[in-house]
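Okay, structure first, notes after.
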Amino acid sequence: MSNGAHSPVQATATPTAAAITPTTMPIVVGVDGSAESLAAFRTAARLAELFHAPLQAVLVWQFPNVGYAGYPPVADWSPDTDARELLDAMTTEVFGSAAPAWYSSALRMGAPAQVLAETGTHAQLLVTGGRSHSGLAGVLLGSVSEATTRHAPCPVLVLRGDGHELLTPSADDDRRPVIVGVDGSPASLDSLRLAADFAQRLHAPLHVIVAWHAPLSFSGYPLALAWSPEVDARTTLAACLTDVFGPDVPSNVSSVVREGRAASVLTAAARDARLLVMGARGRGGFSGLLLGSATEACVRHSPAPVLVVPDREARAERLAQADHLPPTDHDDPRPSNRPRE
């Protein structure tokens with residue numbers, strides 16, 4: 001999946017780093033007929049080109065539980081047929097009359113967030129387009145972005161507004177960076193590796209941020225006067241950079257320690273960014289997984305696209321659970337096209 005340039009990231013094998021490698025695992029984009037999901041579809045296609053990866057568009061549909069506007073559904077109405085027609089129309093909108101060989105599509109029935117999370121067990125990246133409701137007659141496909149970031153076992157890219165325009169290789173005079181928040185956790189190190197890869201492919205600077213704030217006490221005990229959270233933050237930042245890049249940090253990488261809550265600091269930094277990358281922490285499992293509060297706040301409020309990277313433990317637990325999940329109610333994928341050579 002190399003674009004011909006030497007990667008500045010040290011070859012440290014991690015589950016997340018391994019997800020963005022030249023394998024047959026696709027980039028998956030969730031679509032529902034909305035303008036937001038169409039923009040996400042176009043972005044996913046560009047990323048598939050950048051990463052030399054297969055692309056799969058997935059549309060998830062459900063039978064309505066009740067009649068539409070109080071009326072029972074028409075007996076011969078076929079929501080799966082409508083969904084297939086919609087998916088085909090979106091494919092034509094993105095690729096024209098001839099879709100590339102590395103593209104495939106899938107139509108599935110079920111709860112959108114759960115189905116996409118399950119799809120993530122066989123994906124290197126999930127792309128979603130923010131809040132939207134489908135135009136399908138009576139079928140609510142809904143917004144799945146936030147739920148997918150909580151439950152998917154692979155990195156999830158959330159696009160909002162015109163954020164899709166930011167994820168194209170930039171000209172030399174475009175200095176808007178890729179921002180990544182780190183805190184020394186395994187998830188944040190994986191986030192830094194992935195952010196460095198995105199920055200290289202987008203020809204963008206990489207800006208690494210550690211946010212800190214001074215708590216009033218720890219578990220009810222007063223803090224030691226000699227302890228400095230800012231010094232700890234600077235030590236953490238240096239350790240993260242060394243862990244990922246080694247002793248020679250690339251020239252396109254800058255870093256800073258900023259005082260404040262992580263969500264506020266990173267959301268403010270994202271105002272002038274191409275992409276915000278963050279690690280997620282929490283308990284594995286579709287029901288009851290807790291996404292880190294800072295990450296969740298950034299997914300909701302960041303002005304830039306947000307790439308959420310699951311931590312290794314949660315990823316392993318979600319993959320293990322997926323092995324025991326029953327198949328989705330309906331699976332009608334188009335025949336898989338071969339990945340590009």
Side-chain angles (χ1 to χ4, degrees), residues 19 23-49 51 53-63 78-95 99-136 139-159 164 286 307-308 310 318-319 322 325-339:
T23 71
T24 57
M25 293 177 69
I27 291 174
V28 172
V29 56
V31 299
D32 64 6
S34 65
E36 293 89 345
S37 73
L38 181 60
F41 195 165
R42 295 185 190 280
T43 299
R46 288 198 297 268
L47 293 176
E49 292 277 5
F51 286 98
L55 173 66
Q56 184 178 56
V58 176
L59 191 151
V60 185
W61 65 274
Q62 292 175 293
F63 276 110
S78 175
D80 60 335
T81 298
D82 283 0
R84 170 53 68 188
E85 292 175 354
L86 176 58
L87 182 53
D88 289 345
M90 294 187 72
T91 298
T92 300
E93 183 75 17
V94 173
F95 293 115
W102 41 268
Y103 169 74
S104 64
S105 63
L107 177 66
R108 298 196 171 108
M109 187 180 82
Q114 182 170 2
V115 172
L116 283 179
E118 293 169 12
T119 302
T121 63
H122 305 292
Q124 60 173 280
L125 176 69
L126 280 175
V127 182
T128 67
R131 291 188 176 274
S132 60
H133 296 293
S134 171
L136 270 172
V139 180
L140 181 66
L141 300 185
S143 171
V144 299
S145 299
E146 291 182 29
T148 304
T149 60
R150 295 186 184 101
H151 310 310
C154 68
V156 178
L157 175 63
V158 180
L159 300 166
H164 61 282
F286 188 83
L307 179 60
V308 179
R318 292 177 221 174
L319 288 172
L325 287 173
T328 51
D329 295 331
H330 179 78
D331 190 351
D332 179 27
R334 287 288 176 90
S336 298
N337 293 311
R338 64 176 177 84

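These values consider heavy atoms only, across backbone and side chains, with no hydrogens, waters or symmetry-generated copies.
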Heavy-atom side-chain proximity of L47 to V29 below 4.5 angstrom: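 They are not in side-chain contact.
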Taking all heavy atoms of [X] and all of [Y], pick out the closest pair and write down the distance.
X: M25; Y: A123; value: CE-O, 3.1 Å
X: L87; Y: S105; value: CD2-CB, 3.7 Å
X: V94; Y: A45; value: CG1-CB, 4.3 Å
X: A113; Y: A147; value: CB-CB, 3.5 Å
X: A111; Y: V60; value: C-CG1, 4.2 Å
X: W102; Y: A48; value: CZ3-CB, 3.7 Å

For the atom pair [atom1] ([X]) and [atom2] ([Y]), what is the distance rounded to the nearest 0.5 Å?
X: R108; Y: T119; atom1: CZ; atom2: OG1; value: 4.5 Å
X: H151; Y: L116; atom1: NE2; atom2: CG; value: 11.5 Å
X: E49; Y: I27; atom1: CD; atom2: CD1; value: 10.0 Å
X: F41; Y: L55; atom1: CZ; atom2: CG; value: 6.0 Å
X: L59; Y: D32; atom1: CG; atom2: CG; value: 7.0 Å

Trace of the side-chain contact (heavy atoms from CB on, under 4.5 Å) decision for M90 with S37: CA-CA 9 Å; M90 294 187 72; S37 73; 3.5 Å; yes
D82 vs E85, side-chain contact (heavy atoms from CB on, under 4.5 Å): CA-CA, chis, key distance, verdict: CA-CA 5 Å; D82 283 0; E85 292 175 354; 4.2 Å; yes
Mutual orientation of the aromatic rings belonging to Y103 and F95 [parallel < 30°, tilted 30-60°, perpendicular > 60°]: tilted
Step-by-step side-chain contact (heavy atoms from CB on, under 4.5 Å) determination, E36 to L159: CA-CA 8 Å; E36 293 89 345; L159 300 166; over 6 Å; no
side-chain contact (heavy atoms from CB on, under 4.5 Å) between L125 and L307, worked out: CA-CA 9 Å; L125 176 69; L307 179 60; 3.6 Å; yes
